[in-house]
Amino acid sequence: MENSKRPKALIIIFGATGDLAKRKLFPSIFHLCQHRKMCGDFAVVGIGRRPWSNDEFRDTVEHSVKESYSPEQDLSHFTANFYYQSLDVTDSGSYQELNQLVVDLEKRYQTEGNRMFYLAMAPQFFGVIANNLANNGLKDSPGWTRLVIEKPFGHDLESAQILNDEIRAAFNEDQIYRIDHYLGKEMVQNIEVIRFANGIFEHLWNNRFIANIQVTSSESIGVEERARYYDVSGATRDMAQNHMLQMIALLAMEPPINLTPDEIRSEKVKVLRALRLIEEDEVDDFFVRGQYGGGHINDKTVPAYRDEAYELNDSNTETYVAGKVMIDNYRWAGVPFYFRTGKRMATKATKLVIEFKDIPMNLYYKHEDDRHPNLLYINIHPDEGITLYLNAKKTGVGSQAEPVKLSYNSAGVDGMNTPEAYEKLILDCMLGDATNFTHWDEVALTWRYIDRVLKIWENRQPDFPNYESGSMGPKAADELLEKDGFHWWQIRD
Ligand code: BG6
């Protein structure tokens with residue numbers, strides 16, 4: 001990275017003893033340091049309640065980096081840039097000490113007063129921390145100050161609005177970086193490029209030529225250690241309100257007039273404003289929820305959701321959600337965007353499938369069932385790339401068509417690992433590029449849409465469990481497409 005573009009900053013992580021910091025943030029910072037040659041350009045202050053010393057903190061950082069990357073070199077040069085401050089985040093008085101540490105480190109590291117406050121904590125603390133930072137002078141620096149916030153951003157539109165008001169009392173919208181880690185994924189960022197840099201796709205990218213779009217993000221893991229969070233959230237809040245709708249917005253947006261964050265966001269916001277809200281009597285035609293029962297995944301027997309932890313034994317939380325999203329605008333009128341996401345499904349994969357309309361008269365098939373529409377797969381995980389299904393002549397006598405597959409696998413091209421989403425997002429934030437973070441308008445509009453469905457479900461008793469672990473979800477999710485004459489395209493090649 002050129003020197004002029006190398007951001008210098010102090011990264012202050014609230015929740016530094018927590019899981020996210022260990023699993024994602026420390027390894028990402030290490031990667032930034034190694035691969036972008038940014039060591040020495042920043043220092044990290046970790047904040048937690050525990051009375052740790054710098055050394056204890058550095059050991060944890062070292063351990064977490066080793067778990068993720070197993071580097072061979074000695075990490076002490078790297079971890080020496082990590083400092084620990086024990087702090088009760090709700091106690092305004094204790095921020096003075098933090099202020100002093102920050103000022104001292106800024107002198108030592110010459111970080112020009114640039115401060116990134118990363119809140120890797122439960123959302124109930126976001127407001128109080130933001131205000132304590134502002135009231136104790138931590139925002140008053142000669143450089144930039146930015147606030148990075150993890151999800152969940154609220155539980156519904158109302159709580160998200162309250163949370164936003166609290167944060168906005170201390171920070172401006174352009175200082176707030178709301179993380180949706182899907183927006184940091186290489187192939188999610190590639191959606192726009194694939195669309196807007198290829199005439200062969202973009203000219204066809206509308207309701208005249210596209211039959212439907214399918215977004216799948218399936219996970220084979222269960223609720224794991226997160227029962228307390230997950231059981232009040234469920235798949236719809238955990239995945240649909242953010243990751244699924246964000247991917248749909250990228251698939252559906254108009255080309256922006258340029259690549260500035262404001263222009264891109266404003267096109268996404270227009271899509272979200274056009275989402276057709278679900279009415280009470282039509283929820284079953286548009287949404288399906290599910291909860292996993294026991295089953296088998298990779299030859300292992302796994303328990304039902306209700307048996308995963310004692311407090312889940314009569315839970316009605318959904319671990320799966322599928323939806324048919326209609327976007328009422330000129331480009332998309334009439335085209336269903338189907339999505340599905342859930343835990344304990346057959347496989348871990350995230351894929352987008354664009355199904356093109358078939359040609360009016362296809363001479364090359366004997367039976368209707370042999371027809372194979374053109375499909376574009378955008379593969380986000382585990383493979384990263386695109387696959388295009390075309391029809392070509394079956395080799396040999398006769399003139400029958402069969403589907404052939406053109407694949408581009410981005411991980412295979414240069415043998416590089418895709419940088420972790422978090423690494424890119426941390427760097428973007430340091431560079432002041434908010435493109436891949438969610439603006440409040442997007443958060444508000446996605447909650448408005450999702451809230452409707454959740455409110456209707458709240459008053460209806462689900463019949464759970466309704467899908468087996470290791471399957472692709474409840475049968476009703478297949479019917480959601482079958483009613484429209486479609487089916488889910490398989491996500492395993
Ligand atoms: C998170 C959810 O946002 O995304 C998790 O809270 C989920 O429940 C995770 O497991 C999935 O992310 P990825 O990148 O593994 O698809």
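Whatever order the structure lists them in is the order used to number ligands and atoms, beginning at 1. Since the structure is predicted, the reported quantities are computational estimates derived from the model, not experimental observations.
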[atom] [closest protein heavy-atom partner, distance rounded to 0.1 Å]:
{"atom": "atom 16 (O) of ligand 1", "result": "Tyr182 OH, 2.5 Å"}
{"atom": "atom 10 (O) of ligand 1", "result": "Glu219 OE1, 2.6 Å"}
{"atom": "atom 14 (O) of ligand 1", "result": "Lys185 NZ, 2.6 Å"}
{"atom": "atom 4 (O) of ligand 1", "result": "His181 CE1, 3.3 Å"}
{"atom": "atom 8 (O) of ligand 1", "result": "Asp238 OD2, 2.6 Å"}
{"atom": "atom 13 (P) of ligand 1", "result": "Lys348 NZ, 3.3 Å"}

Atoms in ligand 1 with a heavy atom of Lys343 nearer than 4.0 Å |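 Answer for ligand 1: 5 (C), 7 (C), 8 (O), 10 (O).
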Please determine if [X] forms a cation-pi arrangement with [Y], meaning its NZ or CZ atom is less than 6.0 Å from the six-membered ring centre and no more than 45° off the ring axis.
{"X": "Arg340", "Y": "Trp488", "answer": "yes"}
{"X": "Arg58", "Y": "Phe82", "answer": "no"}
{"X": "Arg195", "Y": "Phe201", "answer": "no"}

Taking N or O atoms only and a 3.5 Å limit, does [X] qualify as a polar contact for ligand 1?
{"X": "Thr350", "value": "no"}
{"X": "Arg226", "value": "yes"}
{"X": "Ser217", "value": "no"}

Please verify the inter-ring angle class for [X] with [Y]; under 30° counts as parallel, over 60° as perpendicular, anything in between as tilted.
{"X": "Phe30", "Y": "Tyr69", "answer": "tilted"}
{"X": "Tyr449", "Y": "Phe287", "answer": "tilted"}
{"X": "Tyr84", "Y": "Phe57", "answer": "tilted"}

Residue from Met239, Gln214, Met244 passing side chain to side chain contact (heavy atoms under 4.5 Å, CB included) with Phe339 |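 Going through the options one by one, the only one that passes is Met244.
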For His487, does the NE2 atom sit with more than 12 other heavy atoms under 6.0 Å from it, leaving out its own atoms?
->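 Yes, NE2 of His487 has more than 12 neighbouring heavy atoms, counting only those of other groups under 6.0 Å.
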Answer side chain, backbone, both or neither: which part of Tyr230 comes under 4.0 Å from ligand 1, heavy atoms only.
->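 Neither part.
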Between His381 and ligand 1, which residue portion shows a heavy-atom distance shorter than 4.0 Å: side chain, backbone, both, or neither?
->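 It is neither part, as no heavy atom is under 4.0 Å.
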